[in-house]
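Written below as structure tokens is the structure these notes are about.
Note that the numbering runs from 1 along the sequence shown for the chain. Remember, it's 1-based here, ligands and their atoms both numbered in the order they're listed.
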Amino acid sequence: MKRNILITGGAGFIGSHVVRLFVEKYPDYRIVCLDKLTYAGNLENLRDVEQRPNYVFERADICDFEAMKAIFRKYAVDGVIHLAAESHVDRSIRDPFTFAHTNVLGTLSLLEAARTEWESRPERYEGKRFHHVSTDEVYGALEADGGCFTETTPYAPHSPYSASKASSDHFVRAFHDTYGLPTVVTNCSNNYGPYQFPEKLIPLFINNIRQRRPLPVYGTGCNVRDWLYVEDHALALDAVFHRGGTAETYNIGGFNEWRNIDLVRLLVRTVDRLLGNPEGCSEELITFVADRAGHDLRYAIDSSKLERELGWRPSLQFEEGIEKTVRWYLDNQEWMDNVTSGEYREYYRQMYGK
Ligand code: NAD
Ligand code: DAU
């Protein structure tokens, strides 16, 4: 194999799209998909690539330093794309310790495994890359009319989730500055598309509309997010992993800002149309509820550096992406039902032990 790439969090939402892209696009790479299979990780997301000769799966916890070193050695890992994390803001508000543990200590464990293993090889850091996948939430919140986040926007995280991601970003950069580890960091906006765990706004609401359940809009619904189709994120990661500069940061975004309430209305219209419901029939499900604590008002990413230097741009118009996404969830109701019931998780946990 030409390269041995470790993709952490590969059974999660974005990770599964990155694994699929790399397995299919690079048949001469061995792709090691590593995942602990938490509630958010699901090997069902990778059923279509699991038989490929260049794909292997390892069930492991990134916080387990000895296990990480063993995996680096077993597969002669020379590149890492690190996505494993606790990723849901609402959970971080209820359980901040788990976020600090996984996102900060887990990232540190992986960095230290990469450093010690790569430093022990004759070629050391030559041909190596540690790509850390982060979020725009580390930059804090923007005013309604307050410009966009750039790569030099100061960090100002507000939730335990974004604080843990900010901390992990600092560790990654510190490992470059202190030890010379060849790192690169990307900070991306909100992703949407197939295989997203239905705790996040878009799959949760599609499922609730289908089941005629309330759609809980936090606060006034005026918070703004910048949405990017998940496959476009995977393509951006591919570009940065292969061609991005060492120790650089690249913002990734959709140039696509939506107020939550407008997005929810678009979802309602799309789901109703595809289900053949009378127009507007699910509007009555929209329910304004108490706001999320520390709810960031607006995120918007300026990804012009990535466009200028690496030629990446989002490929999909939002309405097209939403249509594709809604269709996918409606056509894959078994996936949704099994994910929400935990049936898949139990099956794969039994298969991989622990
Ligand atoms: P996700 O929650 O769907 O997937 C996370 C994956 O990590 C799961 O498969 C889970 O089992 C695995 N994992 C969790 N703890 C682990 C551990 N200790 N060891 C090994 N594996 C573990 O998350 P996602 O939405 O796919 O996000 C992936 C990454 O991208 C995260 O780092 C997140 O911060 C970042 N990100 C997400 C978005 C977004 O909109 N979803 C946007 C920007 C950045
Ligand atoms: O910006 C990137 C981030 O996007 C990622 O780093 C996170 O991992 C990812 O979860 C996402 O965070 P958000 O908090 O923006 O996504 P979420 O889908 O949870 O919420 C989107 C918006 O919708 C947010 O303003 C909160 C609101 N919301 C969310 C839920 C789940 C509601 O109004 N009601 C809901 O039930």
Side-chain angles (χ1 to χ4, degrees), residues 7-19 33-43 45-46 58-64 67-68 81-93 98-99 101-103 105-107 109-110 132-139 141 149 159 161-162 164-165 168-169 186-193 195-205 208 214-228 230 233-234 237 251-254 258-261 263-264 286-292 295-301 345 348:
I7 301 182
T8 73
F13 166 48
I14 302 170
S16 62
H17 289 275
V18 179
V19 167
C33 170
L34 182 154
D35 204 291
K36 184 181 172 183
L37 301 182
T38 68
Y39 79 95
N42 186 347
L43 287 174
N45 301 354
L46 290 164
E58 286 280 348
R59 183 170 184 211
D61 184 339
I62 53 167
C63 301
D64 183 344
M68 291 307 104
I81 306 179
H82 174 39
L83 298 109
E86 290 292 337
S87 68
H88 191 43
V89 173
D90 293 329
R91 283 181 191 258
S92 83
I93 295 167
T98 300
F99 281 68
H101 187 71
T102 298
N103 298 357
L105 294 180
T107 300
S109 151
L110 201 62
H132 177 60
V133 178
S134 191
T135 168
D136 60 359
E137 299 202 13
V138 297
Y139 299 123
F149 298 131
S159 72
Y161 163 67
S162 53
S164 68
K165 291 296 290 186
S168 66
D169 294 9
T186 47
N187 295 84
C188 189
S189 64
N190 286 62
N191 283 217
Y192 71 99
Y195 300 115
Q196 186 168 33
F197 192 82
E199 63 189 348
K200 309 279 166 57
L201 181 77
I202 289 180
L204 176 72
F205 279 31
N208 283 10
L215 307 175
V217 175
Y218 298 160
T220 60
C222 291
N223 303 70
V224 173
R225 296 292 181 266
D226 175 358
W227 294 94
L228 177 68
V230 62
H233 186 189
L237 297 181
N251 279 354
I252 308 172
W258 282 73
R259 288 195 316 160
N260 289 343
I261 188 64
L263 168 55
V264 170
I286 296 175
T287 312
F288 290 93
V289 299
D291 208 354
R292 172 186 276 174
H295 198 175
D296 287 331
L297 177 64
R298 174 175 165 253
Y299 303 144
I301 275 278
R345 188 171 68 237
Y348 287 111

In ligand 2, which numbered atoms sit nearer than 4.0 Å to a non-hydrogen atom of H295? 24 (C), 25 (O), 26 (C)
Any nitrogen or oxygen of L83, main chain or side chain, under 3.5 Å from a nitrogen or oxygen of ligand 1? yes
With heavy atoms of V133 as the reference, note each atom of ligand 1 found under 4.0 Å away. 30 (O), 32 (O)
Y39 N/O under 3.5 Å from ligand 1 N/O: no
Per-atom filter on ligand 2: closer than 4.0 angstrom to a heavy atom of V217 are 33 (O)
Below the 3.5 angstrom mark, is there an N/O of N223, backbone or side chain, next to an N/O of ligand 2? no
among protein heavy atoms, the one nearest atom 4 (O) of ligand 1 is G12 CA, 3.5 Å
Can you tell me the protein heavy atom closest to atom 15 (N) of ligand 1 and the distance? T102 CG2, 3.5 Å
Output yes when the distance from some N or O of ligand 1 to some N or O of K36 is under 3.5 Å, and no in every other case. yes
Atoms in ligand 1 with a heavy atom of N190 nearer than 4.0 Å: 40 (O)
Backbone or side chain, does any N or O of R292 fall under 3.5 Å from an N or O of ligand 2? yes
Which ligand 2 atoms are under 4.0 Å away from a heavy-atom of K200? 10 (O), 18 (O)
Counting non-hydrogen protein atoms only, what is the nearest one to atom 40 (O) of ligand 1? Give residue, atom name and distance. N191 N, 2.9 Å
Closest protein heavy atom (residue, atom, distance) for atom 8 (C) of ligand 1: D35 OD2, 3.5 Å
Top protein contact for atom 5 (C) of ligand 2, by heavy-atom distance: Y161 OH, 3.6 Å
Of all the non-hydrogen atoms in the protein, which one sits nearest to atom 29 (C) of ligand 2, and at what distance? Y218 CE1, 3.5 Å
Measure the distances from the heavy atoms of K165 to every atom of ligand 2 and state whether one is below 4.0 angstrom. no
With atoms numbered from 1 as shown, which atoms in ligand 2 lie under 4.0 angstrom from a non-hydrogen atom of Y299? 1 (O)
Proximity to ligand 2 by part of E137, non-hydrogen separation under 4.0 Å: side chain
For ligand 1, indicate whether the residue Y161 contacts it via side chain, backbone, both or neither (heavy-atom separation under 4.0 Å). side chain
Can an N or O of I62 be found at a distance shorter than 3.5 Å from an N or O of ligand 1? yes
Check whether N208 reaches the backbone of P214 with its side chain - one donor and one acceptor, N or O, closer than 3.5 Å. yes
Kindly confirm or rule out an N or O of D61 lying under 3.5 angstrom from an N or O of ligand 1. yes
Close N or O approach (I14, ligand 1; < 3.5 Å): yes
If you measure every N/O of S189 against every N/O of ligand 2, is any gap under 3.5 Å? no
Identify the protein heavy atom lying closest to atom 25 (O) of ligand 1, giving its residue, its atom name and the separation to 0.1 Å. F13 CD2, 3.8 Å
So if I count the atoms of ligand 2 from 1 in the order they appear, which ones are less than 4.0 Å from some heavy atom of E199? 31 (C)
Whether F149 and Y299 hold their rings parallel, tilted or perpendicular, with breakpoints at 30° and 60°: tilted
Have a look at ligand 2 and work out which part of L204, if any, has a heavy atom under 4.0 Å from it: side chain, backbone, both or neither. side chain
Of C188, A40, G193, G253, which has the heavy atom at the shortest distance from atom 43 (C) of ligand 1? C188
Which of the atoms in ligand 2, numbered in the order shown and given with their element, are less than 4.0 Å from a heavy-atom of T135? 1 (O), 2 (C), 3 (C), 5 (C), 6 (O)
Please state which protein non-hydrogen atom is closest to atom 9 (C) of ligand 2 and give its distance, to 0.1 Å? S87 O, 3.9 Å
For ligand 2, which part of L201 has a heavy atom less than 4.0 Å away: the side chain, the backbone, both, or neither? both
Mark up the atoms of ligand 1 that fall under 4.0 Å of a heavy atom belonging to A60, in ascending order. 19 (N), 20 (C)
Does only the side chain of L37 get under 4.0 Å from ligand 1, or the backbone, or both, or neither? Count heavy atoms. backbone
Return the option from A84, A85, G9 holding the heavy atom at the smallest distance from atom 14 (C) of ligand 1. A85
Region of H233 engaging ligand 1 - heavy atom pairs below 4.0 Å: neither
Quick one: which of Y161, Y39, F197 gives a side chain to side chain contact (heavy atoms under 4.5 Å, CB included) with H88? Y39
Ligand 2 contact on N190 by region, counting heavy-atom pairs under 4.0 Å: both
Look only at interatomic distance and state if N42 has a nitrogen or oxygen under 3.5 Å from any nitrogen or oxygen of ligand 1. no
Which ligand 2 atoms, with their elements, are less than 4.0 angstrom from a heavy-atom of D136? 1 (O), 2 (C)
Would you say the side chain of C63 lies within less than 4.5 Å of the side chain of K36, judging by non-hydrogen atoms? no
Geometric N/O contact T38 with ligand 1, under 3.5 angstrom: yes
Looking at Y192, is R225 sitting on its ring face, NZ or CZ under 6.0 Å from the six-membered ring centre and within 45 degrees of the normal? no
Of S134, S164, S189, the one whose closest heavy atom lies nearest atom 44 (C) of ligand 1 is S134
In this structure, which one of T8, D61, L34 forms a side chain to side chain contact (heavy atoms under 4.5 Å, CB included) with M68? L34
Quick test: of every protein heavy atom, which one is nearest to atom 23 (O) of ligand 2, and how far off is it to 0.1 Å? N260 ND2, 3.4 Å
Which ligand 1 atoms does K165 reach within 4.0 Å, using its non-hydrogen atoms? 31 (C), 32 (O), 33 (C), 34 (O)
Are any of the N/O atoms on S87, whether in the backbone or the side chain, positioned under 3.5 angstrom from an N/O atom of ligand 1? yes
Smallest separation among heavy atoms of S109 and I62, with atom names: OG-O, 2.5 Å
Of D169, I252, T107, which meets side chain to side chain contact (heavy atoms under 4.5 Å, CB included) against S134? D169
Which of the atoms of ligand 2 are close to P216, meaning less than 4.0 Å from one of its heavy atoms? 32 (C), 33 (O), 34 (N), 35 (C), 36 (O)
